[in-house]
Amino acid sequence: MSTLIERIRSHAAVVGIIGQGYVGLPLALVFEAAGFRVHGFDVDPTKVQALNQGKSYIKHIGSERIGAAVQRGRFTATTDFDRLRDCDVILICVPTPLGRHREPDLSFIQRTAHAIATRLRPGQLVVLESTTYPGTTEEEVQPILETAGLRCPEDFLLAFSPEREDPGNSRFNTKTIPKVVGGVNPASTEAAVALYAAAVDQVVPVSSARVAESCKLLENVYRSINIALVNELKMTFDRMGIDIWEVIEAAKTKPFGFTAFSPGPGLGGHCIPLDPFYLAWKAAEHGIWTRFIELAGEINTAMPRWVTDKVMHALNADGKSLRGARILVLGLSYKENIDDDRESPSYEIIELLQEAGAQVDYCDPYFPLARPGRKHDIGLRSVPCTAEVFGTYDALVVATPHAQFKDPALYRGVPLVVDTRNIVREGPEGPKRLVKA
Ligand SMILES: NC(=O)c1ccc[n+]([C@@H]2O[C@H](COP(=O)([O-])OP(=O)(O)OC[C@H]3O[C@@H](n4cnc5c(N)ncnc54)[C@H](O)[C@@H]3O)[C@@H](O)[C@H]2O)c1
């Protein structure tokens, strides 16, 4: 395996990255920028075609970065998995969703592992990056890779390194976020550490793939639980007539021992709503019930209904009913200024309002058309983001704090704004009525 490490250190190694989504694409660009030849593999031919034409399909990843990588001749995208044989290193960045009963769906990882196994050759390093429960790399991926007769670490190497992508974050990026790496054996850790050290600023080796898998879950469970905590406190303080946002601002002045989390309309994105349940599922196998995870899930998933109840009560106070009311939901993205609507609570809010008989539209500059997802298909088109349009609705629900929604002039004279993100202000220039939810 010394040849592999030499090829990595001299940047002669070819890096294959399976899955060119929110995680795999930026990773491909970081390895390319570090001087490696990179093959981006994906099953979606439209993505592969776009990449080879230097076009981005993710808004915060500029086409110019992809175009430059393609022009330098070091980055190509492909659907041809036989080209895995050309790669010295194979990184797996495929989805890890939940099944219908909130159980881990490892089918993408398993399919990918089989695709690698039939082409695996001695001297390759495989690294799983998809978020998953502790033990997946060793218990699920390794046996599949070994079906063709090669063994780890004698013939090939295998590690886990969690992705810590934060789309839209302008302070940190794939290169500057420290990379935790753990192999299924020491030789695998050594090779994987050498690989990432050649492309990112800081590598954090840990003793095993299980520790690396668990590290990612700790990070996401921590977020999920803290978000649930502020959501619960939001509802509690609301009943007492206290504004949670003002409380958080005050608490933030404590220079130690407090990290601020924001309440909101519910969890969204590919990670926080899903990953904790991977751990909960695996823990049950060991006879452990992860009560914090379940409780946080219960509180966070109840948020969309809490928001729609707020809309109903606020309309009621004006002598209006939800049935027949015209309501505009602002934002489909699960967080601000990105075009990612996966698991977004906006969809559930829209459906709950519709179920109650409201006429619902949405406005989101990132989604001119609402595309059908795994769980939702609202079949709507964004209305324009103007004060004239906003003024025609009985109520607005601020679900996403996009920069475009922060112009106070948009809300002047609107009868009712229910704001889940604390971006709308009261006053003579503001809406007629503002309710925080
Ligand atoms: N998005 C994030 O911010 C983020 C952050 C940290 C970790 N993660 C984790 O990274 C993993 C990938 O997430 P993502 O956000 O990049 O997902 P994504 O849906 O954006 O991208 C996955 C890509 O894999 C492709 N794909 C699906 N099946 C494939 C297969 N069998 N072979 C090749 N390609 C295949 C899809 O076409 C898609 O382009 C998940 O495990 C996720 O939990 C995501």
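Note that ligands are numbered from 1 as they come in the structure, with each ligand's atoms numbered from 1 the same way. Quick note: residue numbers are just sequence positions, from 1.
In Ala115, neither the side chain nor the backbone holds a heavy atom less than 4.0 Å from any atom of ligand 1. With a 4.0 Å heavy-atom cut-off, ligand 1 is reached by no atom of Tyr57. When heavy-atom distances to ligand 1 are checked against a 4.0 Å cut-off, Ser130 comes that close through both its backbone and its side chain. Here Thr131 has heavy atoms under 4.0 Å from ligand 1 in both its backbone and its side chain.
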Could you walk me through whether Glu32 and Arg65 pass salt bridge (Lys or Arg N to Asp or Glu O under 4.0 Å), step by step?
-> CA-CA 10 Å; Glu32 190 281 332; Arg65 277 180 75 196; over 6 Å; no
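Contact check on Asp86 versus Arg37 returns no salt bridge, with no Lys/Arg side-chain nitrogen under 4.0 Å from an Asp/Glu carboxylate oxygen. Between Glu249 and Lys252 a salt bridge is recorded (basic side-chain N to carboxylate O distance below 4.0 Å). Electrostatic pairing of Glu294 and Arg291 does not count as a salt bridge here, judged by no charged N lying under 4.0 Å from a carboxylate O. Note on Lys335 versus Asp340: no salt bridge recorded, every NZ/NE/NH1/NH2 to OD/OE distance being 4.0 Å or above. No salt bridge links Glu163 with Lys216; every basic N to acidic carboxylate O contact stays at or beyond 4.0 Å. Using a 4.0 Å cut-off between charged side-chain N and carboxylate O, Asp341 and Arg371 make a salt bridge. Classification of Lys282 and Glu213 as a salt-bridged pair fails, no side-chain N sitting under 4.0 Å from a carboxylate O.
In the vicinity of Ile18, heavy-atom distances shorter than 4.0 Å reach the ligand 1 atoms 32 (N), 33 (C). Contact atoms of ligand 1 toward Gln20: 23 (C), 39 (O) (distance under 4.0 Å to a heavy atom of the residue). Within the listing of ligand 1, atoms 1 (N), 14 (P), 15 (O), 17 (O), 18 (P), 19 (O), 20 (O) sit less than 4.0 angstrom from a heavy atom of Arg342. Residue-ligand proximity, Pro95 to ligand 1, at heavy-atom distances under 4.0 Å covers atoms 22 (C), 24 (O), 27 (C). Heavy-atom contacts of Cys271 reach the following atoms of ligand 1: 4 (C), 5 (C), 6 (C), 7 (C), 8 (N), 44 (C) (cutoff under 4.0 Å). Interface atoms of ligand 1 facing Thr96, defined by a heavy-atom separation under 4.0 Å, are 40 (C), 41 (O), 43 (O). Set against the non-hydrogen atoms of Phe108, the atoms of ligand 1 under 4.0 Å away are 27 (C), 28 (N). The contact set between ligand 1 and Lys47, taken as ligand atoms under 4.0 Å from a residue heavy atom, comprises 37 (O), 38 (C), 39 (O).
Counting heavy atoms only, Lys216 comes closest to atom 6 (C) of ligand 1 of the residues His270, Lys216, His114. Among Asp166, Val94, Thr132, the residue whose heavy atom sits closest to atom 11 (C) of ligand 1 is Val94. Checking Asp42, Asn220, Ile272 against atom 39 (O) of ligand 1, the nearest heavy atom belongs to Asp42.
Shortest contact from atom 21 (O) of ligand 1 to any protein heavy atom: Gly21 CA, 3.2 Å. The single protein non-hydrogen atom nearest to atom 29 (C) of ligand 1 is Val43 CG2, 3.6 Å, given as residue, atom name and distance. Thr112 OG1, 3.6 Å is the protein heavy atom nearest to atom 31 (N) of ligand 1. Looking at atom 24 (O) of ligand 1, its nearest protein heavy atom turns out to be Gly19 CA, 3.3 Å.
Counting heavy atoms from C-beta outward, Pro276 and Phe292 have side chains that stay 4.5 Å or more apart.
Between His39 and Phe41, the ring planes lie perpendicular to each other; the angle is over 60°, past the 30° to 60° tilted range. Tyr366 and His402 have tilted rings, their planes meeting at an angle from 30° to 60° on a 0 to 90° scale.
Taken from CD1 in Ile8 to CG in Leu195, the straight-line distance is 5.0 Å, to the nearest 0.5 Å. For the atom pair Thr132 OG1 and Asp105 CG, the distance stands at 10.5 Å (nearest 0.5 Å).
Residue Val23 places at least one N or O, backbone or side chain, under 3.5 Å from an N or O of ligand 1. Where the criterion is an N or O separation shorter than 3.5 Å, residue side chain and backbone included, Arg111 fails it with respect to ligand 1.
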